[in-house]
Amino acid sequence: MDIIADHFERPIERNIAMELVRVTEAAALGAARFLGRGDKNLVDQAAVTAMRYTLGYVRMDGIVVIGEGEKDHAPMLYIGEHIGDGSELKVDIAVDPVDGTRLVARGLPGAIAVVALSARGTMHFPRQFYYMKKIATGPEAKDRIDINASVEENLNNIADAKKKRISEVTVVVLDRPRHDELLEEIRRVGARIKLITDGDVAACIEAALPDREVDVLMGIGGTPEGVLSAAAIRCIGGGIQAKAWPRDDSERKSCLAAGVDVDRIYKTEDLISSDDVFFAATGVSSGELLKGVRYFGGGAFTESIEMRGRSGTVRWIDSRHNFEKLDKLSFFEIH
């Protein structure tokens, strides 16, 4: 048993995030061809196909914890699917082939392709509820946030931690009717607001990185996106807190029947319980975090970000892709 325990606790020495960048680049290149063409399904299918194909060559035995849905409805990258080349490294995987399919379909900025990976059994996805109430910020203020506290208290604490005036603090919020009251509270306190139409994974990362335009993310967004964000935030050293946000009484009752405590606070370490976590994202359409796919004759440029939890290293990667050579390596259409 000691040998097994030692093997499980042994850190992942290989920086697999560098390999994951190839995965998100492939997904971004696949999806970007359909920018502005009005079809979310085309965007998603192209990204899923490219991502699954490339993940299949990564040296690992991965299980999809967050994917495209259940097996019967998602033939590829479904929850529970084994992915990778079957090597010894056992890991959990979360994917969002395009965070912001609607953005790409409508030709709007800010869509990214995302993969997160952690040691087997350390990625925790509370699947019983679809939405979470979230608050996320960077290392300076991570110990000063409390999801149960008022908006005013949180913003005052963040301003104090960052040595800013309230009027200099910027809050990023998804532009949804459910946030009308939240927006009024932020305005009453006197902080700045940046509204986004979609893509709260990128927004969470922006809020956690130092010296960026936004200081904190607040509001209600998807639960899968919350776990993906937690993976990046654990690498950066920031903090996220989240709670279940049942959409109606029926969903609340279903959660309670499943034994879910809807008042539980999920912190970064509850969602990702290991420093052996890796994160990669590539821009599909240009936004604040990453530039999108930019074409030239015979190829394209991409911009990516990759992170490793154990070292805390964050890298930006600019890549130049040659379609003539890539076409010989891939069964799916790159361009």
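We number each residue from 1, following the sequence as shown.
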Chemist: Report the C-alpha separation of Val172 and Val216 in whole Å, then their side-chain angles, then the decisive distance to 0.1 Å, and conclude whether the side-chain contact (heavy atoms from CB on, under 4.5 Å) test is met.
Modeler: CA-CA 6 Å; Val172 62; Val216 58; over 6 Å; no

Chemist: side-chain contact (heavy atoms from CB on, under 4.5 Å) for Thr49 and Gln45? Distances and angles first, verdict last.
Modeler: CA-CA 6 Å; Thr49 301; Gln45 187 57 56; 3.0 Å; yes

Chemist: Measuring from Phe34:CZ to Asn41:CG, what's the distance to the nearest 0.5 Å?
Modeler: 11.0 Å

Chemist: In Å, rounded to the nearest 0.5 Å, how long is the span from CD of Glu68 to CD of Glu81?
Modeler: 10.5 Å

Chemist: Looking only at atom types and distance, does a side-chain atom of Ser311 sit under 3.5 Å from a main-chain N or O of Thr313, one as donor and one as acceptor?
Modeler: yes

Chemist: Is any side-chain heavy atom of Ile166 less than 4.5 Å from a side-chain heavy atom of Leu155?
Modeler: yes

Chemist: Let me have the donor-acceptor pairs involving side chains of residues 222-236, under 3.5 Å, with sequence neighbours excluded, atom names and distances please.
Modeler:
from, atom 1, to, atom 2, distance (Å)
Thr223, OG1, Phe129, O, 2.9
Thr223, OG1, Tyr130, O, 3.1
Thr223, OG1, Tyr131, N, 3.4
Ser229, OG, Glu225, O, 2.7
Arg234, NE, Ser274, O, 3.3
Arg234, NE, Asp275, OD1, 3.0
Arg234, NH1, Ile272, O, 2.6
Arg234, NH2, Asp275, OD1, 3.1

Chemist: Do the side chains of Val95 and Ile66 get nearer than 4.5 Å, heavy atoms only?
Modeler: no

Chemist: Can you confirm whether Asp39 sits close enough to Arg37 that some side-chain heavy atom of one is under 4.5 Å from a side-chain heavy atom of the other?
Modeler: no

Chemist: Just verifying a value: how many Å separate Lys142 NZ and Thr268 OG1, rounded to the nearest 0.5 Å?
Modeler: 7.5 Å

Chemist: Please answer: with hydrophobic residues joined when any side-chain heavy atoms are less than 4.5 Å apart, are Val214 and Val171 in the same cluster?
Modeler: no

Chemist: Per the salt bridge (Lys or Arg N to Asp or Glu O under 4.0 Å) rule, what does the pair list look like for residues 90-99, sequence neighbours excluded?
Modeler: Asp61-Lys90, Asp92-Arg120

Chemist: Carefully, step by step, assess Asn154 and Ile135 under the rule side-chain contact (heavy atoms from CB on, under 4.5 Å).
Modeler: CA-CA 9 Å; Asn154 274 307; Ile135 181 169; 3.7 Å; yes

Chemist: Give a yes or no answer on whether the side chain of Asn156 reaches the backbone of Glu152 with a donor-acceptor pair at less than 3.5 Å.
Modeler: yes

Chemist: With rounding to the nearest 0.5 Å, note down the distance linking OH in Tyr266 to NZ in Lys133.
Modeler: 15.0 Å

Chemist: Distance-only, no hydrogens or angles: does the Glu251 side chain make a donor-acceptor pair with backbone N or O of Asp248 under 3.5 Å?
Modeler: no

Chemist: As an exercise, state the distance from CD of Gln128 to SG of Cys255, rounded to the nearest 0.5 Å.
Modeler: 6.5 Å

Chemist: May I ask you to decide if Leu174's main-chain N or O and His179's side chain share a donor-acceptor pair within less than 3.5 Å?
Modeler: yes

Chemist: Show the nearest heavy-atom pair for residues Ala159 and Val169, with the distance to one decimal.
Modeler: CB-CG2, 3.7 Å

Chemist: Quick one: CE on Met218 to CD on Glu185, what's the gap to the nearest 0.5 Å?
Modeler: 9.0 Å

Chemist: Just grab all the salt bridge (Lys or Arg N to Asp or Glu O under 4.0 Å) pairs involving residues 208-221, residues at least two apart or on different chains.
Modeler: Lys162-Asp215, Lys164-Asp215, Lys194-Glu213, Glu206-Arg212

Chemist: Following the transitive rule for hydrophobic clusters with a side-chain heavy-atom cut-off under 4.5 Å over Ile, Leu, Val, Met, Phe, Trp and Tyr, establish whether Leu20 and Val201 coincide in one cluster.
Modeler: no

Chemist: For Gly30 and Ala46, which heavy atoms make the closest approach, and how far apart are they?
Modeler: O-CB, 3.4 Å

Chemist: Of all the heavy-atom pairs spanning Ala113 and Ala28, show the shortest one and how long it is.
Modeler: CB-N, 4.0 Å

Chemist: Distance-only criterion, 3.5 Å: show the donor-acceptor pairs between side-chain atoms of residues 277-290 and protein atoms not counting sequence neighbours.
Modeler:
from, atom 1, to, atom 2, distance (Å)
Thr282, OG1, Thr24, OG1, 2.7
Thr282, OG1, Glu25, N, 3.3
Thr282, OG1, Ser304, OG, 2.6
Ser285, OG, Leu108, O, 2.8
Ser285, OG, Gly110, N, 3.4
Ser285, OG, Ala111, N, 3.1
Ser286, OG, Gly292, N, 2.7

Chemist: Mind jotting down which residue pairs meet the salt bridge (Lys or Arg N to Asp or Glu O under 4.0 Å) criterion with at least one end in residues 169-179? Sequence neighbours excluded, please.
Modeler: Arg176-Asp198

Chemist: Same cluster or not: Leu182 versus Leu217, using hydrophobic residues (I, L, V, M, F, W, Y) connected whenever any side-chain heavy atoms lie under 4.5 Å apart?
Modeler: no

Chemist: Treat each ILVMFWY residue as a node, draw an edge where side-chain heavy atoms are under 4.5 Å apart, and state whether Ile79 and Val260 are in one component.
Modeler: yes

Chemist: Tell me the closest heavy-atom pair linking Ile265 and Asp270, and the distance in Å.
Modeler: O-OD2, 3.6 Å

Chemist: Is the count of non-hydrogen atoms from other residues, nucleotides or ligands lying under 6.0 Å from Arg188 atom CZ greater than 12?
Modeler: yes

Chemist: Got a donor-acceptor contact below 3.5 angstrom from the Glu184 side chain to the Glu181 backbone?
Modeler: no

Chemist: Quick one, His321 and Phe301 - any side-chain contact, counting heavy atoms below 4.5 Å?
Modeler: no

Chemist: Measure across Glu324 and Asn322 and return the closest heavy-atom pair with its distance rounded to 0.1 Å.
Modeler: N-OD1, 3.0 Å

Chemist: Is the closest basic N to carboxylate O distance between Arg22 and Glu19 below 4.0 Å?
Modeler: no

Chemist: Is there side-chain contact between Arg106 and Lys40, with heavy atoms separated by less than 4.5 Å?
Modeler: no

Chemist: May I ask you to say whether Asp318 pairs ionically with Lys291, meaning some side-chain N is under 4.0 Å from a carboxylate O?
Modeler: no

Chemist: For Ile220 and Lys134, run side-chain contact (heavy atoms from CB on, under 4.5 Å): C-alpha distance rounded to whole Å, both residues' side-chain angles, the deciding distance at 0.1 Å, then the answer.
Modeler: CA-CA 6 Å; Ile220 296 153; Lys134 308 170 191 173; over 6 Å; no

Chemist: Sequence neighbours left out, what passes salt bridge (Lys or Arg N to Asp or Glu O under 4.0 Å) with Lys267? Give chain and number order.
Modeler: none

Chemist: Taking the side chain as every heavy atom from C-beta outward, state whether Phe323 and Phe296 have any pair of such atoms under 4.5 Å apart.
Modeler: no

Chemist: Could you tell me which non-hydrogen atom of Leu29 sits nearest to which non-hydrogen atom of Tyr295, and how far apart they are?
Modeler: O-OH, 4.1 Å

Chemist: Can any side-chain N or O of Asp85 pair as donor or acceptor with the backbone N or O of Met60 at less than 3.5 Å?
Modeler: yes

Chemist: State, yes or no, whether a side-chain contact exists between Ile240 and Ile145 at a heavy-atom distance under 4.5 Å.
Modeler: no

Chemist: More than 12 heavy atoms of other residues, nucleotides or ligands under 6.0 Å from CZ of Arg252: is that the case?
Modeler: no

Chemist: When you check the side-chain N and O atoms of Thr170 and Arg192, is any donor under 3.5 Å from an acceptor?
Modeler: yes

Chemist: List the steps and the verdict of salt bridge (charged side-chain N to carboxylate O under 4.0 Å, His left out) for Arg308 and Asp276.
Modeler: CA-CA 8 Å; Arg308 184 186 184 196; Asp276 273 328; 5.5 Å; no

Chemist: Under 4.5 Å between side-chain heavy atoms, hopping through other hydrophobics if needed: is there a path connecting Ile93 to Leu77?
Modeler: yes

Chemist: Given side chains that start at C-beta, do those of Arg144 and Thr137 come closer than 4.5 Å, heavy atoms only?
Modeler: no

